Amino acid sequence: MSKIAVIDFETTGLSPANGDRATEVAVVIIDENRVIGSYQSLMNAGKRIPAFVQRLTGITDAMIRQAPPSSEVMQELAEFVGDIPFVAHNAAFDSKFIDAEWSRIHHQRSQTFACSLLLSRRLYPNFHNYKLGNLARYLNLPTAERSHRALADAELTAKLIIQIKADLQAKYAIDQVSHEMLCLLQKAPKSRIDEVVQKAQRNLRFCNNRYDHETMK
DNA sequence: TGCCAGGCCCTCTTTAGGGCCTT
């Protein structure tokens, strides 16, 4: 599978364990480095948004009151993404919110997360910092006027992961950067990036060869 | 009243501490 679902949440705070809830979600589906679809919705969890976060995101309590219920949005999201693997910028944040929101509708996540923040730290070790907006500037990625909204940030993260994959392909002369390779790379010690890419490539070739052999039987 | 995230990653480290990143 070459599709990736790039996801971004806006929330009332930093921790679902402290009662914070999602206020908006967006997913951008990319396939072979092309955007092929997207989903975005505000959602009403009945939780007030702190003034600081309202200023940060532009999402107000009034907007949320008119939004569909969280359960309805999260069900739609589950149907939209299916089992396509996820990418997010600082995936630890988005993964804990999607797990918390999906658990409320008794849906369990089956796919893994790759993290564009961890990957950027490894691939671009000399950058000053790794905030999404700054990475976009460093890499000359076109940005939307409005940041800190789910769709704008998901679209920017999609451009970032496409750039990361292109840079990996160019640097290591490889045809394909799988989600599995991204997941391996994001955990690799910085001193062993080359080794991990080569090992992942060998595994991919082994799998492809075995597939070719078995389909020709 | 005061506190309230958590995983990653670097360094003046590893028996720790603090900044980064997400809202």
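Here is the naming used below: chain letters follow the sequence lines, and residue numbers restart at 1 for every chain. Only this structure's heavy atoms are used, side chains among them; waters, hydrogens and symmetry mates stay out. Worth saying up front: this structure is predicted, and the values here are computed from it rather than measured.
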Using the [atom1] atom in both, what is the distance from [N] to [M], to the nearest Å?
N      : M      : atom1 : result
B:dT1  : B:dT13 : P     : 41 Å
B:dG18 : B:dC12 : C1'   : 12 Å
B:dG2  : B:dC20 : P     : 27 Å

DNA chain B: 5'-proximal contact among A:Val53 and A:Ala188 (nearest heavy atom)
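Counting from the 5' end, the first nearest nucleotide belongs to A:Ala188.
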Between A:Thr12 and A:Lys96, which is nearer to the 5' end of DNA chain B once each is assigned its nearest nucleotide?
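The residue mapped nearer the 5' terminus is A:Lys96.
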Qualifying residues under salt bridge (charged side-chain N to carboxylate O under 4.0 Å, His left out), relative to A:Arg192, sequence neighbours excluded:
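Testing A:Arg192 for salt bridge (charged side-chain N to carboxylate O under 4.0 Å, His left out), a comparison that skips the adjacent residues, returns A:Glu195.
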Just to be sure I understand the rule, does [X] reach a base, reach only the sugar-phosphate, or reach nothing, if contact means heavy atoms closer than 4.0 Å?
X        : answer
A:Asp153 : sugar-phosphate
A:Arg21  : nothing
A:Phe9   : sugar-phosphate
A:Asp20  : nothing
A:Thr57  : sugar-phosphate
A:Leu14  : base
A:Asp94  : nothing
A:Ile49  : nothing

Taking side chain as C-beta onward, heavy atoms only, is A:Val28 less than 4.5 Å from A:Leu151?
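When only atoms from C-beta onward are counted, A:Leu151 and A:Val28 do touch, with a gap below 4.5 Å.
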Does the side chain of A:Met74 reach to within under 4.5 Å of the side chain of A:Arg104, using non-hydrogen atoms?
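The answer is no; the side chains never approach within 4.5 Å.
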Tell me, please, the opening and closing nucleotides of DNA chain B, 5' to 3', among those with an atom under 4.0 angstrom from a non-hydrogen atom of chain A.
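The contact span of chain A on DNA chain B goes from B:dC4 to B:dT23.
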Point-to-point distance, once rounded to the nearest 0.5 Å, from OG1 of A:Thr143 to CG of A:Leu156
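CG of A:Leu156 is found 6.5 Å from OG1 of A:Thr143.
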Once rounded to the nearest 0.5 Å, what's the spacing between atom CG of A:Leu132 and atom OG1 of A:Thr157?
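That separation rounds to 4.0 Å.
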Can A:Asp167 and A:Gln163 be counted as having a side-chain donor-acceptor contact under 3.5 angstrom?
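Side chains of A:Asp167 and A:Gln163: pair found under 3.5 Å.
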Any link between A:Ile98 and A:Leu42 through a network of hydrophobic side chains (Ile, Leu, Val, Met, Phe, Trp, Tyr) touching at under 4.5 Å?
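In one cluster: no.
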